[in-house]
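So the structure is just underneath, and the comments pick up after that.
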Amino acid sequence: MAAPGALLVMGVSGSGKSTVGALLASELGWKFYDGDDYHPEENRAKMGKGIPLNDQDRIPWLCNLHDILLRDIASGQHVVLACSALKKMYRDILIRGKDSAPLKYGEPGKEEKPAEVPLLVVHLSGSFDVISARLHQRKAHFMPPSLLQSQFDTLEPPAAPENFIQISVDRSLSEIVAIIRETLNAKQESSHPSGPDQGRA
C-alpha cells in the first residue's frame with residue numbers, strides 16, 4: 001500500500017482526537033482539520049439537543065470531508081483529520097467518497113472510478129468510564145455527555161484489512177503522538193525504502 005497521505009484520528013467524543021490531531025499535525029508540518037468544524041448547523045443543533053445523528057445526517061458531512069482530503073492530497077499537501085468516524089462505512093466514505101455510501105449523493109456516473117485517499121486510521125480507544133469522566137470536565141462543546149453511550153453503541157473499531165493502529169487513551173499525549181509518528185515513519189520506509197524524503201515526518 002502507498003504511504004499514507006492522510007491520517008485519520010478517530011474515536012468517540014472525549015477520546016482526545018482534536019488535541020492529538022492538532023499536536024501531531026504541528027509536529028509533522030501537515031495540515032490539520034477538525035471534522036466537527038464541518039458539521040452543518042442542523043447537525044450541531046441536533047447533537048446540542050441530545051439527539052444522536054443518523055447515517056443520513058453524517059453521510060453528506062463525510063463526503064465533504066473526503067473531498068477536502070482528496071483536494072489537499074492532490075495538491076501535494078499531507079493532512080491530519082480528527083473525526084469520530086465510528087463505523088467502518090464512515091471510514092470507507094472518507095477514503096472513497098460518495099461512491100462507497102449506501103445513499104448516493106451528487107451526479108450518478110460522474111466518476112468512472114472513485115479516487116481513494118491513502119489513509120492511516122489511528123483509533124484512540126478507552127473505557128466508557130474514563131472517557132465519560134473526561135467529557136464531564138469539558139466546557140462549551142456541542143456534544144453533551146449524555147450522547148456518549150450512543151457513540152459507544154455505534155462504534156465499530158477498525159479491523160483488518162483496514163490500515164490502522166489502536167492506541168489507549170490512558171497513555172500520555174506525548175506517548176500517543178510518538179507512537180503515531182513511529183508507525184507513520186515505518187510505513188513510509190516500507191513503501192519507499194530508498195525513495196526521497198517523505199514529507200516532514
Side-chain angles (χ1 to χ4, degrees), residues 1-39 47 62 65 69 77-92 94-95 117-191 198-201:
M1 179 174 178
L7 286 165
L8 166 66
V9 183
M10 64 155 287
V12 298
S13 184
S15 58
K17 302 182 294 293
S18 300
T19 303
V20 170
L23 178 58
L24 184 66
S26 175
E27 289 193 7
L28 292 172
W30 290 16
K31 198 164 184 177
F32 174 68
Y33 291 103
D34 189 330
D36 284 347
D37 293 341
Y38 294 84
H39 270 298
M47 288 186 284
L62 293 164
L65 291 173
L69 294 177
Q77 174 68 58
H78 288 73
V79 184
V80 178
L81 169 67
C83 177
S84 52
L86 298 175
K87 290 184 180 181
K88 182 180 186 298
M89 179 184 77
Y90 302 161
R91 299 187 290 274
D92 286 346
L94 289 173
I95 293 170
V117 173
L119 194 67
L120 172 63
V121 177
V122 178
H123 178 207
L124 301 179
S125 66
S127 70
F128 180 89
D129 289 344
V130 167
I131 292 178
S132 178
R134 287 185 175 196
L135 271 183
H136 279 92
Q137 294 171 354
R138 289 166 64 171
K139 307 295 181 189
H141 192 271
F142 61 81
M143 172 68 76
S146 59
L147 279 183
L148 183 60
Q149 186 59 57
S150 75
Q151 293 219 332
F152 270 92
D153 293 342
T154 301
L155 177 64
E156 297 173 3
E162 290 184 83
N163 183 31
F164 78 99
I165 57 172
Q166 180 170 300
I167 306 175
S168 171
V169 299
D170 292 329
R171 291 181 178 272
S172 69
L173 179 59
S174 59
E175 282 181 311
I176 291 172
V177 170
I179 291 168
I180 298 169
R181 293 192 63 171
E182 286 168 11
T183 303
L184 184 62
N185 287 338
K187 287 184 178 292
Q188 288 174 331
E189 287 167 9
S190 64
S191 178
Q198 302 297 310
R200 282 177 278 178

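In this chain, numbering begins with 1 at the start of the sequence shown.
- At a threshold of 4.5 Å between non-hydrogen side-chain atoms, the residues Val12 and Leu86 count as touching.
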Can you check side chain to side chain donor-acceptor pair (under 3.5 Å) on Tyr33 and Lys31, steps first, answer last?
CA-CA 7 Å; Tyr33 291 103; Lys31 198 164 184 177; 3.2 Å; yes
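- Taken from CG in Leu124 to OG in Ser84, the straight-line distance is 12.0 Å, to the nearest 0.5 Å.
- When all heavy atoms of Ser15 and Val169 are compared, the closest pair comes out as O-CG1, 3.4 Å.
- Annotation: side chain of Asp36 is not in contact with side chain of Lys17 (no heavy-atom distance under 4.5 Å).
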Determine whether Asp92 and Lys87 satisfy the following criterion, side-chain contact (heavy atoms from CB on, under 4.5 Å), listing intermediate values before the conclusion.
CA-CA 9 Å; Asp92 286 346; Lys87 290 184 180 181; over 6 Å; no
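- Separation of atoms CD1 (Ile176) and CG (Leu24) is listed at 11.0 Å; rounding is to 0.5 Å.
- Using a 4.5 Å heavy-atom threshold, the side chains of Met10 and Val122 count as separate.
- A heavy-atom distance below 4.5 Å is found between the side chains of Leu23 and Leu173.
- In this structure, the side chains of Leu65 and Tyr90 stay at 4.5 Å or more apart for every pair of heavy atoms.
- Summarising the geometry, atom CG belonging to Leu94 is positioned 10.5 Å from atom CE belonging to Met89; distances are rounded to the nearest 0.5 Å.
- The distance from atom CG of Leu119 to atom CG of Leu69, rounded to the nearest 0.5 Å, is 7.0 Å.
- Pairs engaging residues 149-179 under the ring pair (Phe, Tyr, Trp, His ring centres under 6.0 Å) rule: Phe128-Phe152 [sequence neighbours left out].
- Using a 3.5 Å distance cut-off with no hydrogens or angles, the side chains of Asn185 and Glu189 do not pair a donor with an acceptor.
- Phe32 approaches Ala25 most closely through the heavy-atom pair CB-CB, 3.6 Å.
- Evaluation of the salt bridge (Lys or Arg N to Asp or Glu O under 4.0 Å) rule for Glu162 yields Arg91 as partners, not counting sequence neighbours.
- Note that CG of Leu135 is 8.0 Å distant from CD of Gln151, once rounded to the nearest 0.5 Å.
- Put simply, the side chain of Val79 does not reach to within 4.5 Å of the side chain of Leu7, judged on heavy atoms.
- Rounding to the nearest 0.5 Å places CG of Leu28 at 9.0 Å from NE2 of His78.
- Side-chain contact between His123 and Ile165 is absent, with no heavy atoms from C-beta onward closer than 4.5 Å.
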CA sep, side-chain torsions, deciding dist, call: Leu81, Val9, side-chain contact (heavy atoms from CB on, under 4.5 Å):
CA-CA 6 Å; Leu81 169 67; Val9 183; over 6 Å; no
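- Heavy atoms of other residues, nucleotides or ligands lying less than 6.0 angstrom from CZ of Arg171 number 12 at most.
- Between the side chain of Glu182 and the backbone N or O of Ile179, no donor-acceptor pair lies under 3.5 Å.
- Within the 4.5 Å cutoff, side-chain heavy atoms of Cys83 are placed close to those of Leu8.
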